[in-house]
**Student:** 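Got a structure here, written out as structure tokens. Questions coming.
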Amino acid sequence: MERKMTEQELVGSFFDAMRYGHIYAVYQPKMNHSTGRMIGAEALMRWRDPENGMQYPGDFIPVLEKNDLISRADLHVFEVVCRFQRKCLDMEVPCVPISINMSRYDIYRKNYTDEIETIRQRYEIPVDLLHVEITESSAIGGMELVSSVLEDLHHRGYTVEMDDFGSGYSSLNVLKDLDVDVIKLDMRFLSGKVGGRGGTIISSIVQMTKWLGTPVVAEGVETVEQADYMKSIGCSYIQGYLYSKPIEEPEFLQKLRQLDHEPVVAAMDLINTMNSCRFWDPNSLETLIFNQYVGGAAIFSYQRGKVEILRVNQKYMKELGMNMTEKEILGCDPWMWFDEENHKRYEDAMLNAIHSRDEVTSESWRTLCSTICGTGRVCVRSEIRVIGQAGDQYLFYCLVKNITAEKKRYDAMYDSELRFKAAFEQINVYAWEYTFSNKQMRPCFRCMRDLGLPAVVDNYPEPLIRDGIIPLDYADMYRNLLRRLENGEDVPPTIVPLTVGRVPFTFRYTIERDENGKPLKAFGSATIVLDDKKCE
């Protein structure tokens with residue numbers, strides 16, 4: 001039979017309840033929904049009176065707070081948890097970090113951190129197996145004191161979690177000012193629904209905490225739908241009735257033996273030289289460099305095929321050349337700019353950057369649409385590099401250059417070259433370029449195809465003489481011809497037999513000179529000499 005005890009009864013039996021274990025701890029596992037592994041647990045205070053049965057926290061905790069007993073109760077639960085962790089260590093049962101709540105009364109209690117440290121050392125528990133949870137509401141109104149307590153806890157090696165985040169009135173200010181290691185997101189914010197306005201805000205909070213390098217645990221998760229939604233927005237750590245209600249020590253010990261464990265990883269592992277807080281500070285040197293000195297630049301995230309642009313500078317928008325606004329860029333799915341071929345090319349470059357951990361360059365066409373310029377197709381050269389990772393989500397830094405005009409000129413030159421090649425095929429002309437300073441000859445495609453020449457012939461014409469393309473008895477005459485060209489003489493057309501068949505060709509040369517008239521290059525051509533009798 002259960003009966004709600006009066007305030008007088010609770011206060012009168014409090015010390016005996018601690019002495020005889022009527023006030024004890026239950027444990028609620030924290031899980032990774034992506035792997036099914038346990039990452040930790042939270043210890044919660046319970047009171048079972050031998051005569052009146054279970055007393056509920058909502059009834060006895062306000063009484064303990066009112067009568068200045070809550071800190072003694074919290075210290076008692078901390079010792080219960082240390083005793084349990086000691087048992088696990090002695091029995092060689094795999095341990096997970098267990099978090100213990102620290103109320104605002106504990107924070108205002110002088111030397112409270114000294115007291116919990118004394119208990120921990122008494123049981124010789126590694127500090128990484130004990131986390132401390134503070135509530136968001138406990139920080140409001142005493143930020144300076146809370147900050148000093150957190151600093152003390154960090155100095156002693158404790159991991160600090162912020163409990164019930166999102167339930168208070170100043171969540172963002174609290175998050176900005178307090179150096180917490182883990183955020184526990186209150187799922188009551190969704191009011192039992194998935195998505196909608198609440199879901200959008202939670203998604204934004206999760207993305208924001210990744211930049212802070214702070215893991216997020218969603219607490220109060222009761223359905224698979226809620227857990228899957230949280231995983232889809234990048235939060236796989238959950239706590240709630242979906243996996244387990246708070247359970248007593250024997251059952252929790254059994255779960256520790258049965259379930260695989262894994263550590264909590266930081267939300268976003270940024271490169272060592274980058275400080276995310278300074279990067280988002282509008283007055284920081286990092287932001288000044290990003291906005292003014294690095295050219296067109298963007299920060300974007302990539303996860304399982306999805307891309308989201310997080311930040312661009314003014315030069316990025318100028319490089320695109322479509323008068324697009326920052327809102328238009330950040331508010332769209334970037335993949336809509338790409339056709340299938342260019343989508344694959346760009347995504348392959350990102351995957352290459354992920355695997356190589358080096359800068360990768362990609363050129364891709366994209367179709368942009370702006371309210372001012374309408375629709376336009378541009379070619380962009382992107383230099384991309386991974387700067388952070390959180391699980392399967394990657395953060396990229398990207399420098400861009402609009403090369404549309406360059407690509408169009410290249411395409412026009414390519415078309416012209418194709419026509420030029422076709423014309424050469426018709427008129428049986430061989431052509432090449434000869435540089436006097438390094439004696440390099442660059443042959444046309446027909447020279448390479450018909451005579452087997454490489455793309456560059458060094459020490460020209462000696463390799464052609466050696467291979468018999470220029471007959472040996474014409475070698476000195478041809479060397480002299482090149483010397484005359486190098487001296488700036490305009491050499492008249494000259495007939496030279498080529499190959500072992502001694503097929504006669506007419507050689508013609510045109511000299512390119514510098515501003516002082518000194519010869520730089522000679523452009524040569526060879527046309528076959530037709531036998532008049534064979535033409536009849």
Side-chain angles (χ1 to χ4, degrees), residues 172 195-208 210-211 232-234 276 279-284 286-350 353 360-385 387 393-412:
L172 295 181
R197 291 171 63 87
T200 300
I201 295 173
I202 283 183
S203 177
S204 299
I205 292 173
V206 170
Q207 293 297 322
M208 176 179 58
K210 288 178 180 179
W211 272 100
S232 73
I233 62 173
S276 60
F279 187 78
W280 289 107
D281 181 353
N283 299 314
S284 70
E286 286 82 354
T287 296
L288 176 66
I289 292 173
F290 180 78
N291 286 333
Q292 301 296 331
Y293 299 112
V294 298
I299 301 290
F300 67 90
S301 65
Y302 173 78
Q303 184 177 32
R304 295 192 293 272
K306 181 180 179 182
V307 171
E308 181 181 5
I309 299 178
L310 304 175
R311 188 176 184 186
V312 298
N313 62 10
Q314 289 293 325
K315 292 183 180 180
Y316 179 92
M317 294 181 283
K318 184 177 180 180
E319 279 294 334
L320 294 185
M322 291 292 293
N323 285 316
M324 297 180 72
T325 65
E326 184 175 0
K327 182 178 179 181
E328 287 177 318
I329 293 172
L330 300 183
C332 73
D333 176 9
W335 286 137
M336 66 183 291
W337 300 341
F338 297 79
D339 59 27
E340 184 177 351
E341 178 185 352
N342 286 277
H343 180 148
K344 183 179 186 307
R345 181 181 299 126
Y346 198 85
E347 190 164 19
D348 285 347
M350 288 192 295
V360 174
T361 301
S362 173
E363 295 181 0
S364 56
W365 286 90
R366 54 194 78 180
T367 302
L368 305 178
C369 183
S370 73
T371 54
I372 297 176
C373 296
T375 301
R377 186 166 169 79
V378 299
C379 188
V380 177
R381 180 182 293 125
S382 304
E383 297 175 5
I384 57 179
R385 179 187 290 272
I387 60 171
Q393 184 179 43
Y394 296 89
L395 201 66
F396 284 89
Y397 185 89
C398 175
L399 290 174
V400 300
K401 182 174 180 58
N402 190 328
I403 59 170
T404 307
E406 177 183 330
K407 292 295 286 186
K408 287 181 176 179
R409 285 195 301 269
Y410 174 82
D411 290 343

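When reading the values below, keep in mind they use all heavy atoms of this one structure, side chains included, and skip hydrogens, waters and symmetry mates.
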**Student:** In chain order, what residues pass the salt bridge (charged side-chain N to carboxylate O under 4.0 Å, His left out) check against Arg381, with sequence neighbours excluded?
**Tutor:**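 Checked Arg381 against salt bridge (charged side-chain N to carboxylate O under 4.0 Å, His left out); matches are Glu363, Glu406.
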**Student:** Out of curiosity, Lys318 NZ to Asn323 CG, how far, rounded to the nearest 0.5 Å?
**Tutor:** 11.0 Å
**Student:** Measuring from atom NZ of Lys327 to atom OG1 of Thr325, what distance do you get when rounded to the nearest 0.5 angstrom?
**Tutor:**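 With rounding to 0.5 Å, NZ (Lys327) is 7.5 Å from OG1 (Thr325).
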**Student:** Do Tyr397 and Ile299 have side chains that get closer than 4.5 Å, going by heavy atoms?
**Tutor:** yes
**Student:** Rounded to the nearest 0.5 Å, what's the gap from SG on Cys369 to CE on Met336? Could you check?
**Tutor:**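 That separation rounds to 7.5 Å.
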**Student:** Among Val380, Ile329, Thr367, Val378, exactly one meets side chain to side chain contact (heavy atoms under 4.5 Å, CB included) together with Trp337. Which residue is that?
**Tutor:**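 For Trp337, the side chain to side chain contact (heavy atoms under 4.5 Å, CB included) test succeeds with only one of Val380, Ile329, Thr367, Val378, which is Ile329.
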**Student:** Would you say the side-chain atoms of Trp335 pair up with the backbone N or O of Gly305, donor to acceptor, closer than 3.5 Å?
**Tutor:** yes
**Student:** What closest approach, in Å, do Ser370 and Met324 show between heavy atoms, and which atom pair accounts for it?
**Tutor:** CB-CG, 3.6 Å
**Student:** Please find the pair of heavy atoms, one from Ile309 and one from Pro334, that lie closest to each other, and give the distance.
**Tutor:**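 Heavy-atom minimum between the residues: CG1-CG, 3.6 Å.
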**Student:** Could you pull out the closest heavy-atom pair between Asn313 and Gly295, with the gap in Å?
**Tutor:**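 Of all heavy-atom pairs spanning Asn313 and Gly295, the closest is ND2-O, 2.8 Å.
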**Student:** Under 6.0 Å between ring centres, would you say that holds for Tyr302 and Tyr394?
**Tutor:** no
**Student:** Quick one: does any side-chain atom of Glu328 pair with a main-chain N or O of Thr371 as donor and acceptor, under 3.5 Å?
**Tutor:** yes
**Student:** Show the nearest heavy-atom pair for residues Thr361 and Glu383, with the distance to one decimal.
**Tutor:** OG1-CG, 3.7 Å
**Student:** What distance separates Cys332 SG from Glu308 CD, expressed to the nearest 0.5 Å?
**Tutor:** 10.5 Å
**Student:** Rounded to the nearest 0.5 Å, what separates atom CD in Gln303 from atom CG in Leu395?
**Tutor:**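 Answer for the CD-CG pair, Gln303 versus Leu395, is 11.5 Å.
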**Student:** Between the side chains of Glu341 and Arg345, is the shortest nitrogen-to-carboxylate-oxygen separation below 4.0 Å, so that they form an ion pair?
**Tutor:** yes
**Student:** Please report the shortest heavy-atom distance between Asp339 and Arg377, naming the atom on each side.
**Tutor:** OD2-NH2, 3.8 Å
**Student:** What I'd like to find out is whether the side chain of His343 reaches to under 4.5 Å of the side chain of Glu347, using heavy atoms alone.
**Tutor:**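 Yes, their side chains come closer than 4.5 Å.
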**Student:** With rounding to the nearest 0.5 angstrom, report the SG to CZ distance, Cys398 to Arg385.
**Tutor:** 12.0 Å
**Student:** Which pair of non-hydrogen atoms, one from Ile384 and one from Ala353, has the smallest distance, and what is that distance?
**Tutor:**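 In this case the closest contact between Ile384 and Ala353 is O-CB, 4.2 Å.
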**Student:** Evaluate the side-chain proximity of Tyr346 to Ser382: yes if any heavy-atom separation is below 4.5 Å, no if none is.
**Tutor:**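 Yes; the side chains approach each other to less than 4.5 Å.
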**Student:** Treating Ser364 as the side-chain partner and Asn342 as the backbone partner, does any N or O pair qualify as donor plus acceptor under 3.5 Å?
**Tutor:** no
